[in-house]
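The analysis underlying the following values was restricted to heavy atoms, covering all of them including side chains, and did not include hydrogens, waters or symmetry mates. In what follows, chains carry the letters A, B, and so on, assigned in the order in which the sequence lines appear, proteins first and then strands, with residues in each chain numbered from 1.
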Protein chains: 2
Amino acid sequence: MSKQLPLVAMDACCAPLARDPLTAEQSVELSKLFKAMADPVRLRLLSLIASHTGGEACVCDLTEDFDLTGPTISHHLKVLRESGLITGQRRGTWVYYRVHPEVLARLAAVLVPGDRVAEGTAAR
Amino acid sequence: MSKQLPLVAMDACCAPLARDPLTAEQSVELSKLFKAMADPVRLRLLSLIASHTGGEACVCDLTEDFDLTGPTISHHLKVLRESGLITGQRRGTWVYYRVHPEVLARLAAVLVPGDRVAEGTAAR
DNA sequence: TCCTTGGATAGATGATTATCTAATCAGGTG
DNA sequence: CACCTGATTAGATAATCATCTATCCAAGGA
């Protein structure tokens with residue numbers, strides 16, 4: 001499960017938006033992450049998973065919170081998976097998802113105004 | 001110009017994703033911001049404006065960087081404007097745009113993993 | 001082995017959306 | 001005023017996407 005794509009935008013990006021203009025390539029990579037989060041259902045899924053006890057949540061837990069069919073939830077989880085924001089793992093009957101916090105942190109670092117605090121490699 | 005919408009998601013949101021699950025309403029509000037950034041062109045526009053000297057950029061500066069027609073750029077600027085991420089101001093012949101850093105900061109605070117640092121009002 | 005339950009895939013459909021051309025508006029300048 | 005340039009609006013179109021139903025796969029329990 002989970003083709004475990006090359007974790008888009010992890011290497012590709014980048015200085016805070018307000019520091020340097022994005023290149024065309026960087027903006028394409030970054031936009032994939034934002035696109036993945038540009039849906040209310042996916043945002044809620046993300047927060048449900050991220051805030052769930054143990055840092056992971058079973059699909060069965062997630063489905064209940066929405067007035068949506070299983071396949072639709074599955075579709076949204078796939079989008080999140082392929083963007084590199086979450087990973088899924090099957091354990092017995094159930095599939096558990098967890099968030100990749102580094103990706104979220106990366107994204108946050110891009111948004112933060114001018115502060116160089118959250119910068120990547122040479123942190124702090 | 002710029003209907004100056006109620007700055008969506010400024011009041012509506014919210015604790016970091018990993019802290020508490022978003023409500024349906026919060027996720028709808030938040031998704032508007034992410035949707036606005038879920039396009040390579042708009043991301044680049046945002047970074048071009050934010051990183052431009054003086055914190056603002058004329059539309060005429062922006063158009064040059066893309067292989068797109070004027071109306072298309074105008075459309076993207078409108079989307080960014082209506083999301084509350086930027087504002088436009090006409091000065092003589094030209095229109096200048098600038099970013100709302102608080103909105104970006106707010107968004108960053110939502111993404112940041114567990115740290116309670118960037119929390120809003122009753123911090124900590 | 002067969003059935004049941006959790007989850008994903010396939011394919012269809014209606015709604016959004018990114019882009020274009022054409023037309024319009026707003027300010028200067030001759 | 002007539003005209004030019006910068007920018008937005010209007011309307012059309014092709015592509016993307018969120019959702020559904022139907023089907024299928026995976027793992028356990030009778």
Quick check: do L62(B) and H52(B) have side-chain heavy atoms less than 4.5 Å from each other? no

Less than 4.5 Å apart, any side-chain heavy atom of S83(A) and any of K32(A)? no

Could you tell me how far apart [X] ([atom1]) and [N] ([atom2]) are, to the nearest whole angstrom?
| X | N | atom1 | atom2 | result |
| --- | --- | --- | --- | --- |
| R81(A) | dG7(C) | CZ | P | 12 Å |
| H75(A) | dT16(D) | NE2 | P | 14 Å |
| L62(B) | dG6(D) | CG | C1' | 13 Å |
| K78(B) | dT16(C) | NZ | P | 16 Å |
| E64(B) | dG6(D) | CD | C1' | 12 Å |
| L80(B) | dT8(D) | CG | C1' | 15 Å |
| I73(A) | dC20(D) | CD1 | P | 9 Å |
| Q89(A) | dA8(C) | CD | P | 13 Å |

Look only at the side chain of [X] and the backbone of [Y], and say whether a donor-acceptor pair between them is shorter than 3.5 Å.
| X | Y | value |
| --- | --- | --- |
| R42(B) | L45(B) | no |
| S74(B) | G70(B) | no |
| H76(B) | V41(B) | no |

[X] side chain: which of [options] is closest?
| X | options | value |
| --- | --- | --- |
| V95(A) | dC20(C), dA8(C), dA7(D) | dA8(C) |
| L77(A) | dC20(C), dA8(C), dC20(D) | dA8(C) |
| C60(A) | dG6(C), dT21(C), dA8(C) | dG6(C) |
| V59(B) | dC20(C), dA7(D), dG7(C) | dA7(D) |

Nucleic acid contacts - residues 34-49 of chain A versus DNA chain C, non-hydrogen atoms under 4.0 Å: none

Taking L33(B) as the fixed residue, which of V110(B), L85(B), L104(B) is the one that meets the side chain to side chain contact (heavy atoms under 4.5 Å, CB included) rule? L85(B)

Sugar-phosphate, base or nothing in reach of H76(B), heavy atoms under 4.0 Å: sugar-phosphate

Name all pairs fulfilling the disulfide bond (SG atoms under 2.5 Å apart) condition that reach into residues 35-79 of chain B, sequence neighbours left out, sorted by first residue then second. C58(B)-C60(B)

Pairs flagged by disulfide bond (SG atoms under 2.5 Å apart) wherever residues 72-106 of chain A is involved - sequence neighbours left out: none

Rounding to 10°, can you tell me the angle the first-five-pair axis of the helix from dT1(C)-dA30(D) to dG30(C)-dC1(D) makes with its last-five-pair axis? 0°

Heavy-atom nearest nucleotide on DNA chain D taken for T63(B) and for T72(A); more 5' hit belongs to T63(B)

For dA7(D), does either OP1 or OP2 sit under 4.0 Å from a side-chain N or O belonging to S74(B)? no

Can you tell me if the side-chain N/O atoms of Y96(B) get under 4.0 Å from OP1 or OP2 in dG6(D)? no

Treat primed atoms plus P, OP1 and OP2 as sugar-phosphate and everything else as base, then score nucleotides 22-30 of chain D 5' to 3': B for base contact with protein heavy atoms under 4.0 Å, S for sugar-phosphate contact only, - for none. B----SS--

If the condition is side-chain hydrogen bond (donor to acceptor under 3.5 Å, both in side chains), which residues does T72(A) pass it with, not counting sequence neighbours? T69(A)

Salt bridge flag under 4.0 Å for residues E25(B) and R44(A): no

Geometric cation-pi criterion, R81(A) with Y97(A): 6.0 Å, 45°: no

Under the side chain to side chain contact (heavy atoms under 4.5 Å, CB included) rule, what do V95(A) and Q89(A) come out as? Steps first, then yes or no, please. CA-CA 5 Å; V95(A) 175; Q89(A) 184 194 11; over 6 Å; no

